[in-house]
Undergrad: 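Have a look at this one before I ask anything.
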Amino acid sequence: MTAPALTAIEQRVLWLATAIVHEANRVRPNPSGLKVGGHQASCASLVSIMTSLWFRHLRPEDRVSVKPHASPVLHAINYLLGELDEAYLPTLREFGGLQSYPSRAKDPDPVDYSTGSVGIGATAPIWGALARRYLTTRGSSAGTGRQYSLVGDAELDEGAIWEAILDPAVADLGEIVWIVDLNRQSLDRVVPNIAAGRLQGMFGAAGWQVLTLKYGRLLEELFTRPGGAELRARIDAMPNPEYQRLLRCDAAQVRDRLPAGDAALAGLVASLDDETLLAAIRNLGGHDLGSLDEVFASISDDRPTVIFCYTVKGKGLPTQGHPQNHSSLLTVAQMEELAVSLGTDLASPWQRFAPGTREAELCADAASRLRRPDVPSVPSVDLPVDIGRTPSGTATTQAALGRVLLDLTREAPEAAKRVVTVSPDVSSTTNLGGWVNKVGVWSATERRDWFEDDPETIMHWREKPTGQHVELGIAETNLVGLLGELGATWSRWGEPLLPIGVMYDPFVERALEPWSFGIYAGGQSILIGTPSGVTLAPEGGAHQSITTPSIGIEQPGCVSYEPAFAIDTEWTLLAALGRLGKPGGTSSYFRLSTRPVDQTLAAVPADPAARERRRRQVVAGAYLLRRAAEPAVTLAAMGALVPDTLAAAERLAQVGVEADVVCVTSPGLLFDAVQARTGRGSAKAWILDQVFPAARARPLVTVLDGHPHTLAFLAGINRVPSVALGVTRFGQSGSLEDVYRYHGIDTDAIIRAALDVVA
């Protein structure tokens, strides 16, 4: 009934996607001469699958992650659905135009998931499904719907794929559907042994429904003829490169190569005319609209599903099957021939279907069917800025994290209900035990805690739909993937969450790239690395982070904090929570420590106005912790090194060298303030005038438990002589004193640096 019209739409999508890339590379002026790029062949292999999905099967509640190189196909479909203005079609990879890869934040048309970083876009719908389930179990109207990932077969080489598939939380997500574009080519070559059977077995072992769509209906019919069994066996046993080479052959060459000495197969081949023979070789299931209908109808919703769709890279293009077609471009002559074969016009490439045609009706029907309601306005989340506690005794900033979360449940219960913590099996060792006991562990269904009556069990694992802690397996990429999706619920469904992820700081760098991509895609979250630095002395070099303190300077969309005291942790965490879940919000990264610190060293002002001034400075990036009458030097320290710096200041005073001590809480915010002072950026520069006033400019020593370059820029505020202390070597196991001495960040080293800089 609709097959001819759907085929016409499929062909128009192929044309538009190919023309979008052609226009960007062959038509649009390019004064610089730099390669623009695009992936016509990679688009072509997904055209049939995406046409079938959008025009036959998708519902408004469904969401799709499109493989990066197929972005022109998505734009072509959105154009036919009336979701993209024609003016954008010539702007692929142009400044302000269509992005190189699908982007929720930057593309002008609907994009469900940002993709482009291999493996991350593919797994994002898994975490999107988990985030939506979290909301719905808590009474939200986030709804239901499938979460599709359109994945290139070479993308399955990415380890993040398998970390996600194997996480225990994933096996119950029946709304997950992955469609693997099995074109058996990567960027450089035809993959000799794609091992589809092994991949299918791995998905099956993880509890997924595995469906395979290998052949189209023409081939399936040929298999029933005499010689058909031999044809199937021949193609099944054929190495990938040999099959790809057949795609480049004319009919005579196929007749010569395909039988391979088999008489029955030779007879079948001889019975086919040239057109049918060439069509049969290309008749893989991923390009057969009827076969796609059948396989989509067989998806089970009680477990995740993966569909291996065999395709031809470049299907329908002159470059189909060529081993180097990944980023090759059709020539103008080839585009003109393609236009003729598809019934379009290269001189007027952006034609929609004429009104009144069956094709136009199908496009209009699909547009109406897929139209989503507007996202509700995002409610504001009222958070305190100061709980009012003044910590005393000895405490760690890591322990302060759990304390603040518990305080929040009492002081701001409505806001606390939106907090969700995530951990890769390190909840107890990152001081979330009290919080987990209080709010419970999230699970779609309630599960019995078999240790509830065990008197020696301190941390209770109560799994229930109202829980607010999500525990994943030991895979940091999974954690930040979920953080990104939990942090995007405000923009998807108008339901802001306040997600906090905790992991050991040495592993933050492993998670940084996918977390960064989540921020790019609009996910707002808090990532906490703890314990951190060489302060974790007995653990040795393998567990000591060095470069993480500069993340806040270098990571867009992120504010970083490394507090020295419990009160600093409270104030900065509340400020970071206040930046989440809203337009223009930002993510935050915290670096916390397990070093016990005397909290009286914080010298929190008792006067309410002075306390508020301190709080504002803490949140803005730094404060003057020790003020000398006539300073000869300024000591600027961060995090766990503040006690040693204060001790150094006291000893320096004993030899007549007075020192101001500045406690830095956020090098990134201070750097932004420095940039703003010179007209580069919109940050407020007032914190520099209060903490580093020109009138008190003195030679500077900076010190932190991390790479010294993180704070070295502070010397440029007032252009003073400086020494930057920090960690530049792999660590050693030992006592705190031994390790600090080894790295030259102990009290003696700070004193020596101060004396050197003032000499």
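Only a predicted model underlies this, so the values are computations on that prediction, with no experimental measurement involved.
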Undergrad: Hey, would you say the Trp162 and Phe203 ring centroids sit under 6.0 Å apart?
TA: yes
Undergrad: Which pair of heavy atoms, one from Ser100 and one from Ser71, lies closest together, and at what distance?
TA: O-OG, 3.1 Å
Undergrad: Consider only side-chain N and O atoms of Ser525 and Trp515, and report whether a donor and an acceptor are under 3.5 Å apart.
TA: yes
Undergrad: What do the steps show when you test His469 against Ser427 for side-chain hydrogen bond (donor to acceptor under 3.5 Å, both in side chains), and what is the final call?
TA: CA-CA 9 Å; His469 176 76; Ser427 303; 2.8 Å; yes
Undergrad: Looking only at non-hydrogen atoms, find the nearest pair between Leu479 and Val422 and report the distance.
TA: CD1-O, 3.5 Å
Undergrad: Are the charged groups of Arg372 and Glu61 less than 4.0 angstrom apart, N to O?
TA: no
Undergrad: Carefully, step by step, assess Tyr79 and Leu89 under the rule side chain to side chain contact (heavy atoms under 4.5 Å, CB included).
TA: CA-CA 8 Å; Tyr79 173 64; Leu89 297 181; 3.7 Å; yes
Undergrad: In terms of the angle between their ring planes, are Phe590 and Tyr561 parallel, tilted or perpendicular, with boundaries placed at 30° and 60°?
TA: tilted
Undergrad: Checking Tyr215 against Asp236: is there a side-chain donor and acceptor pair closer than 3.5 Å?
TA: yes
Undergrad: Taking only residues two or more places apart in sequence, or in another chain, which ones meet Asp109 in a salt bridge (Lys or Arg N to Asp or Glu O under 4.0 Å)?
TA: none
Undergrad: Which residues satisfy the ring pair (Phe, Tyr, Trp, His ring centres under 6.0 Å) test with Tyr589, sequence neighbours excluded?
TA: none
Undergrad: Verify the distance criterion only: is there a donor paired with an acceptor across the side chains of Trp442 and Thr137 at less than 3.5 Å?
TA: yes
Undergrad: Could you name each residue pair satisfying ring-ring contact (aromatic ring centres under 6.0 Å, His included) that touches residues 35-67, not counting sequence neighbours?
TA: His39-His69, His39-His326, His57-Phe296
Undergrad: Can Arg146 and Glu175 be counted as an ion pair, charged N to O under 4.0 angstrom?
TA: no
Undergrad: For Tyr88, does the OH atom have more than 12 heavy-atom neighbours from other residues, nucleotides or ligands under 6.0 Å away?
TA: no
Undergrad: Show your reasoning for whether side chain to side chain contact (heavy atoms under 4.5 Å, CB included) applies to Thr530 and Ser532.
TA: CA-CA 5 Å; Thr530 181; Ser532 63; 5.9 Å; no
Undergrad: Do Gln200 and Thr212 have side-chain atoms, one donor and one acceptor, less than 3.5 Å apart?
TA: yes
Undergrad: Can you confirm whether more than 12 heavy atoms, excluding those of Lys214, are under 6.0 Å from its NZ atom?
TA: yes
Undergrad: Please check: side-chain N/O of Thr123 versus main-chain N/O of Gly119, any donor-acceptor pairing under 3.5 Å?
TA: yes
Undergrad: Thinking salt bridges, do Arg104 and Asp112 make one under a 4.0 Å N-O criterion?
TA: no
Undergrad: Distance only, no hydrogens: is a donor on one side chain within 3.5 Å (strictly under) of an acceptor on the other, for Trp435 and Thr421?
TA: yes
Undergrad: For the residue pair Ile20 and Pro72, what are the closest heavy atoms and their distance?
TA: CD1-O, 3.8 Å
Undergrad: Should the pair Arg93 and Tyr101 be classed as cation-pi, given the thresholds of under 6.0 Å to the six-membered ring centre and 45° from the axis?
TA: yes
Undergrad: Under the side chain to side chain contact (heavy atoms under 4.5 Å, CB included) test against Ser291, which residue among Asn283, Leu284, Leu213 passes?
TA: Leu213
Undergrad: Any side-chain donor paired with an acceptor under 3.5 Å for Thr477 and Arg510?
TA: no
Undergrad: Determine yes or no for a side-chain-to-main-chain donor-acceptor pair under 3.5 angstrom, with Arg579 supplying the side chain and Ser588 the backbone.
TA: no
Undergrad: Can you tell me how far CD1 of Ile9 sits from CD1 of Ile77, rounded to the nearest 0.5 angstrom?
TA: 10.0 Å
Undergrad: Taking the side chain as C-beta and beyond, is there a heavy-atom pair between Leu98 and Leu84 under 4.5 Å?
TA: yes
Undergrad: Test the Arg492-Tyr113 pair against the cation-pi criterion, namely NZ or CZ under 6.0 angstrom from the six-membered ring centroid and within 45° of the ring axis.
TA: yes
Undergrad: So, for Gly557 and Ile519, which heavy atoms are closest and what is the spacing to 0.1 Å?
TA: O-CG2, 3.8 Å
Undergrad: If you take all heavy atoms of Leu317 and Ala44, which pair is closest and at what distance?
TA: CD1-CB, 4.0 Å
Undergrad: Could you grab the distance from atom NZ of Lys582 to atom OG of Ser491, nearest 0.5 Å is fine?
TA: 14.5 Å
Undergrad: Between Glu485 (side chain only) and Ala131 (backbone N and O only), is there a donor and an acceptor less than 3.5 Å apart?
TA: no
Undergrad: Would a distance-only check, ignoring hydrogens and angles, find a side-chain to backbone donor-acceptor pair under 3.5 Å from Arg132 to Gly145?
TA: yes
Undergrad: Which atoms form the tightest heavy-atom contact between Ala576 and Ile526, and what is the distance?
TA: CB-CD1, 3.7 Å
Undergrad: I'd like to know if the side chain of Asn478 and the backbone of Glu163 have a donor-acceptor N/O pair within less than 3.5 Å.
TA: yes
Undergrad: Would you say the side-chain atoms of Gln524 pair up with the backbone N or O of Gly581, donor to acceptor, closer than 3.5 Å?
TA: yes
